Amino acid sequence: SYVESVWWSLKQIFDKGLLVQDYRVAPYCPRCGTALSDHEVSLGYLNVTDPSVYVRFPLTSGPLAGGAALLVWTTTPWTLVINTAVAVHPDVTYVAVKLLEPDGENPVETLVVAEPLVAAVVGARAHETVGAFTGREMEGWTYQRPFELVDFDGESAHFVVLADYVTTEDGTGLVHQAPAFG
């Protein structure tokens, strides 16, 4: 009888034009996969630090093969086991940055990052730019995936792809792709 009374009340409200269908911003619980009620939100928030990592993907083709790595920043490190591609923006300029020892002399490694993010990624570390490419020029470059835990049939994975959603707002301007995780 309670549920019937709720439906009756909703019908009365609807008939008077007081019930509307619309969109509402609702707090969301990623653990439960559900929206939160106002009561649940009033219980308080818990600040949680999400992991993020920088991962090197050594290049196996292209002009930097064998001597440089794509540097990818990801907030979903648990998806690296099924990495299938690295996305770059077709119109962004990417640079190969040779990191040097603190004395500024001896090279340590060469990493590829989006040019607008070099300062944020490298910081005050001694470095020099040794090459520049647009994302479009990098399309198809292949790399060594970070883990060899999952078998891949054929050669349909582990290369650079183009994607307009890649930004230079944060990270490195290179986005790890793991479509099996959504």
Side-chain angles (χ1 to χ4, degrees), residues 28 30-31 45-152 154-182:
Y28 181 79
R31 184 193 71 232
Y45 284 104
L46 176 63
N47 288 330
V48 177
T49 302
D50 277 334
S52 72
V53 296
Y54 288 90
V55 183
R56 293 168 185 85
F57 292 75
L59 285 164
T60 57
S61 74
L64 302 171
L70 304 172
L71 185 64
V72 174
W73 176 71
T74 181
T75 57
T76 58
W78 56 90
T79 65
L80 287 166
V81 294
I82 196 73
N83 168 268
T84 58
V86 171
V88 297
H89 193 286
D91 302 322
V92 168
T93 298
Y94 292 84
V95 292
V97 177
K98 185 184 294 184
L99 300 180
L100 306 171
E101 290 286 348
D103 62 10
E105 295 296 320
N106 300 319
V108 176
E109 64 183 329
T110 302
L111 302 172
V112 177
V113 300
E115 186 175 42
L117 293 167
V118 170
V121 172
V122 176
R125 186 167 182 174
H127 66 280
E128 63 181 72
T129 300
V130 294
F133 310 88
T134 65
R136 197 171 314 284
E137 292 172 304
M138 295 169 58
E139 183 179 22
W141 290 3
T142 58
Y143 61 87
Q144 177 63 44
R145 61 187 171 141
F147 299 103
E148 299 286 339
L149 302 174
V150 177
D151 291 330
F152 279 89
E155 297 180 21
S156 61
H158 311 109
F159 54 88
V160 175
V161 297
L162 304 178
D164 289 335
Y165 59 80
V166 176
T167 71
T168 56
E169 300 294 316
D170 52 18
T172 63
L174 294 102
V175 177
H176 145 68
Q177 305 292 293
F181 285 97

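Owing to the predicted nature of the structure, the values given are computational and were not obtained by experimental measurement.
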Check the pair Val175 / Val86 against side-chain contact (heavy atoms from CB on, under 4.5 Å), numbers first and verdict last.
-> CA-CA 5 Å; Val175 177; Val86 171; over 6 Å; no
Under a 3.5 Å distance rule, please check whether [X] uses its side chain to pair with a backbone N or O of [Y] as donor and acceptor.
{"X": "His127", "Y": "Thr110", "result": "no"}
{"X": "Asp164", "Y": "Val166", "result": "no"}
{"X": "Tyr94", "Y": "Leu70", "result": "no"}

Roughly how far apart are [X] [atom1] and [Y] [atom2], rounded to 0.5 Å?
{"X": "Thr84", "Y": "His158", "atom1": "OG1", "atom2": "NE2", "value": "6.5 Å"}
{"X": "Trp141", "Y": "Phe159", "atom1": "CH2", "atom2": "CZ", "value": "15.0 Å"}
{"X": "Met138", "Y": "Leu59", "atom1": "CE", "atom2": "CG", "value": "7.0 Å"}
{"X": "Leu149", "Y": "Ile82", "atom1": "CG", "atom2": "CD1", "value": "9.5 Å"}

List the atom of [X], the atom of [Y], and the distance in Å for their closest heavy-atom pair.
{"X": "Leu162", "Y": "Gly135", "answer": "CD2-O, 3.3 Å"}
{"X": "Pro90", "Y": "Ala163", "answer": "CD-O, 3.8 Å"}
{"X": "Ser61", "Y": "Gly140", "answer": "OG-O, 4.1 Å"}
{"X": "Gly173", "Y": "Leu117", "answer": "N-CD1, 3.4 Å"}
{"X": "Val121", "Y": "Gly171", "answer": "CG2-O, 3.5 Å"}
{"X": "Thr172", "Y": "Leu71", "answer": "OG1-O, 2.6 Å"}

Candidates Leu99, Leu100, Val97 - the one meeting side chain to side chain contact (heavy atoms under 4.5 Å, CB included) with Arg125 = Leu99
Apply the test side-chain contact (heavy atoms from CB on, under 4.5 Å) to residues Leu64 and Phe133: give CA-CA distance (whole Å), side-chain angles for both, the deciding distance (0.1 Å), then the verdict.
-> CA-CA 11 Å; Leu64 302 171; Phe133 310 88; 3.6 Å; yes
Relative to the ring of Tyr54, is the ring of Trp73 parallel (under 30°), tilted (30 to 60°) or perpendicular (over 60°)?
-> tilted
Can you tell me which residue pairs pass the salt bridge (charged side-chain N to carboxylate O under 4.0 Å, His left out) test with a partner in residues 95-120, sequence neighbours excluded?
-> Arg56-Glu109
Heavy-atom distance under 4.5 Å between the side chains of [X] and [Y], does that happen here?
{"X": "Trp78", "Y": "Pro51", "answer": "yes"}
{"X": "His176", "Y": "Val53", "answer": "no"}
{"X": "Asn83", "Y": "Phe57", "answer": "yes"}

